[in-house]
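Just so you know, ligand 1 is whichever comes first in the structure, and atom 1 is the first atom listed for that ligand. Numbers here simply count residues along the sequence, with the first being 1.
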Amino acid sequence: GAVRCACRPLVRAYATPASPHALVLLEHRAGVLDSGSLSALTAATHLGGQVTGLIISGPEGASVVDKAKKLKGLTGLLHSTSELYSAPVPEAVSPLLTAVLGSTPYTHVVSATSSFAKSLLPRVAAQLDVPAVSDITSLEHDAASNNTTFTRPIYAGNAIATVKASSSIPIKFFTVRGTSFIAAPSDDNASVDVQEVDPIVVSDSPTEHVKTSLTKSDRPDLGVASRVVSGGRPLKNAETFQATLYPLADVLGAAVGASRAAVDAGYADNSLQVGQTGKVVAPKLYMAFGISGAIQHLAGMKDSKLIVAVNKDPDAPIFQVADVGLVADLYEVIPQLVEKLKQ
Ligand code: FAD
């Protein structure tokens, strides 16, 4: 350590950095905690200090709170409930978050890179005049200097930026890319105390929730599935897309994904698009059938653990990221695969 002169009092621009205390937004739907929030919690534990969860819910939110109490890594849990929060809009929730941040000296505010948080966190950060770092894939907190350094992909994942939020930023806001951190597990023996926080009712909110339209599917959710079967342009139309890919997805228990070409042509729903302008996935197994491997598609799947590609063109760029590649016609390969897997 540095030797300090005892003759003069040490002058610091900032108070001795307290050990980190993160506030993690825990989002949920239909009584289930979002897996992205669980990954955000894991990221928050990497800061090395206390981690308090924040659940905002309608009156039906009690079951989520019970589940959250058991999350490994949490040292505290706040819950705010109001009719207003049954389908929250960022405008209505931001005063609550601001109030919570005013009550305790949190050092970090953390959430998943979700649509809701993408609107909420920068809004509150701007009001507090601090920056927000989005979609981070790793982080390191130096307790001595109180700097937090993040990495985040830029240019559709073609470059990784290293960003330092320095000690001069009193509260560091960041959103977390779910595929980069494991989901925080539950520990049945764990139970943190829950502190209720009064809701803040905004009477003059410029926006109100009208309705939520969700795509219903019996298949595993693309965002969290451990196996994904994806199809591209040569799947011809919606009928062929389903008739060809679904039997394979069913036998593997996999989610179905699609390239943008397949989505734009109407073969598959928007929610199935994988890539820069779709979902970012990192399953254990990603199978790409008739997908060329455009850079915008790779941005959404290249971190998958095992990539299997089937393409007629031996020069297709997908083969550059594939662990297993087969130059073949997907219409010959898929039925054989399904047959073999069923055996
Ligand atoms: P194609 O490029 O047409 O490739 C089809 C492939 O199938 C070819 O490689 C061909 O050899 C092979 N093939 C043909 N027939 C068979 C067969 N019978 N058996 C086996 N193989 C066969 N794309 C995304 O996917 N996701 C995104 O999020 C995304 N975002 C974008 C954002 C921007 C700003 C831009 C400009 C583009 C974006 N794109 C995205 C589009 C991307 O650039 C490609 O156009 C798209 O991914 C191509 O889809 P594809 O591979 O299905 O089709």
### Lys70 and Asp187 ion-paired at < 4.0 Å
no
### Message
Please verify the inter-ring angle class for His297 with Tyr286; under 30° counts as parallel, over 60° as perpendicular, anything in between as tilted.
### Response
tilted
### Task
For Ser103, check side-chain hydrogen bond (donor to acceptor under 3.5 Å, both in side chains) against everything at least two apart and list the hits.
none
### Message
Taking side-chain hydrogen bond (donor to acceptor under 3.5 Å, both in side chains) as the definition, give me every residue that meets it alongside Arg219, ordered by chain and number, with sequence neighbours left out.
### Response
Asp250
### Query
Quick one: does NZ or CZ of Lys172 land under 6.0 Å from the six-membered ring centre of Phe150, within 45 degrees of the ring axis?
no
### Task
Could you pull out every protein residue that has a heavy atom closer than 4.0 Å to ligand 1, ordered by chain and then number?
Gly232, Arg233, Pro234, Ser259, Arg260, Ala261, Gln273, Val274, Gly275, Gln276, Thr277, Gly278, Gly290, Ile291, Ser292, Ala294, Gln296, His297, Asn311, Lys312, Asp313, Ala328, Asp329, Leu330, Tyr331
### Message
By the ring pair (Phe, Tyr, Trp, His ring centres under 6.0 Å) test, which pairs, at least two apart or in different chains, include something from residues 230-267?
### Response
none
